[in-house]
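Take a look at the structure set out below.
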Amino acid sequence: DENGAYMIDRDPRYFRPILNFLRYSKLIIDKDIPLEGVLEEAEFFNVEDLVHLTQEYIEARDSNAKARIKPSNHVYRVIQCQEAELTHLVSTMSDGWRFEQVINLGSGYTYGNDDQSELLCVVS
C-alpha cells in the first residue's frame, strides 16, 4: 500500500510457524498442525533453513512412527461344536472370519448310532 506494507494472503495456521522461525530461528509448532503444511509454506516463501529443518522433523517423525508400529490386535473366537456340525459352521461363517485351528477333543458322546467327536474351532 502507500505505507509500504505488504498483504500476505496465506493460511495463518501454517504461516505462524514461519514467523516464529524468522523471529527465533527455531521451529515452534502446535501438535495439531501438520508438518507437511508448514513445509509447503516454507517452500513457498523460500525459507531454505526452515525447509531443511521441517524435512528433518518429518523424516524423524516417520522413522519413529515405523519403530512404534505394534502388531495389530487380533480377535479370536473359540467355538465348540460336534463333528456333524462343522460343515454347517463353516458355511455360516461371516466374511472376514477365518479358521486358525480346529482342535479335536475326542469322542464326547454318542449322537444316535454315531460316535461324534467334539471340536474346538479357533477363528480370527
Side-chain angles (χ1 to χ4, degrees):
D1 67 4
E2 65 275 352
N3 296 324
Y6 291 94
M7 169 64 174
I8 299 175
D9 186 21
R10 303 300 288 179
D11 188 338
R13 185 174 166 203
Y14 297 115
F15 189 67
R16 180 179 292 137
I18 305 291
L19 285 177
N20 285 334
F21 182 79
L22 294 173
R23 289 177 181 143
Y24 308 111
S25 297
K26 296 178 183 178
L27 180 56
I28 303 170
I29 185 170
D30 293 332
K31 291 181 180 182
D32 63 328
I33 297 176
L35 288 169
E36 289 78 6
V38 175
L39 177 61
E40 190 69 32
E41 290 297 299
E43 288 172 342
F44 177 83
F45 288 107
N46 200 27
V47 183
E48 289 297 320
D49 290 341
L50 182 57
V51 168
H52 297 302
L53 183 61
T54 307
Q55 287 171 337
E56 289 174 13
Y57 271 65
I58 290 171
E59 289 171 12
R61 177 202 63 198
D62 292 348
S63 66
N64 284 340
K66 288 178 185 175
R68 283 185 273 133
I69 292 177
K70 297 177 183 174
S72 60
N73 294 334
H74 288 286
V75 175
Y76 294 96
R77 295 177 79 185
V78 178
I79 303 168
Q80 183 176 357
C81 68
Q82 279 68 44
E83 189 175 1
E85 300 168 329
L86 186 58
T87 303
H88 179 70
L89 176 67
V90 171
S91 66
T92 58
M93 289 292 295
S94 61
D95 291 340
W97 290 97
R98 66 183 180 122
F99 277 93
E100 296 290 335
Q101 188 174 11
V102 177
I103 304 165
N104 186 347
L105 298 178
S107 295
Y109 66 98
T110 302
Y111 181 73
N113 294 333
D114 299 327
D115 192 26
Q116 293 286 311
S117 292
E118 194 167 351
L119 305 169
L120 290 181
C121 302
V122 182
V123 296
S124 68

One should read off an interatomic distance between Leu119 CG and Leu105 CG, to the nearest 0.5 angstrom, of 7.0 Å
When Leu39, Leu35, Val38 are each screened for side-chain contact (heavy atoms from CB on, under 4.5 Å) with Tyr14, the one that passes is Val38
Query - Neighbour count above 12 (heavy atom, 6.0 Å) for Asp32 CG - result: yes
Taken to the nearest 0.5 Å, the spacing of Glu41 CD from Glu36 CD works out to 13.0 Å
For Ile28 and Asn20, the nearest pair of non-hydrogen atoms, with its separation, is O-ND2, 3.9 Å
A side-chain contact here means heavy atoms from C-beta on lying under 4.5 Å apart; do Val51 and Val47 qualify? no
The reported gap from CD in Glu85 to CD1 in Ile79 (rounded to nearest 0.5 angstrom) is 11.0 Å
Shortest non-hydrogen pair, Leu50 vs Pro17, comes out as CD2-O, 4.5 Å
Separation between CD1 (Ile29) and CZ (Phe21), nearest 0.5 Å, reads 12.5 Å
- prompt: Is it true that atom OH of Tyr76 has more than 12 heavy atoms of other residues, nucleotides or ligands lying nearer than 6.0 Å?
  reply: yes
Exercise. Considering only NZ, NE, NH1 and NH2 on the basic side and carboxylate oxygens on the acidic side, decide whether Glu40 and Arg10 come within less than 4.0 Å.
Key: no
Candidate pair Arg61 and Ile58, rule side-chain contact (heavy atoms from CB on, under 4.5 Å), full reasoning: CA-CA 5 Å; Arg61 177 202 63 198; Ile58 290 171; 3.6 Å; yes
Output for pair (Asn104 CG, Glu83 CD), nearest 0.5 Å, gives 7.5 Å
dist Ile8:CD1 -> Phe45:CZ (nearest 0.5 Å) comes out at 5.0 Å
- Sidechain-backbone polar pair: Asp11 side chain, Arg13 backbone, donor-acceptor under 3.5 Å: yes
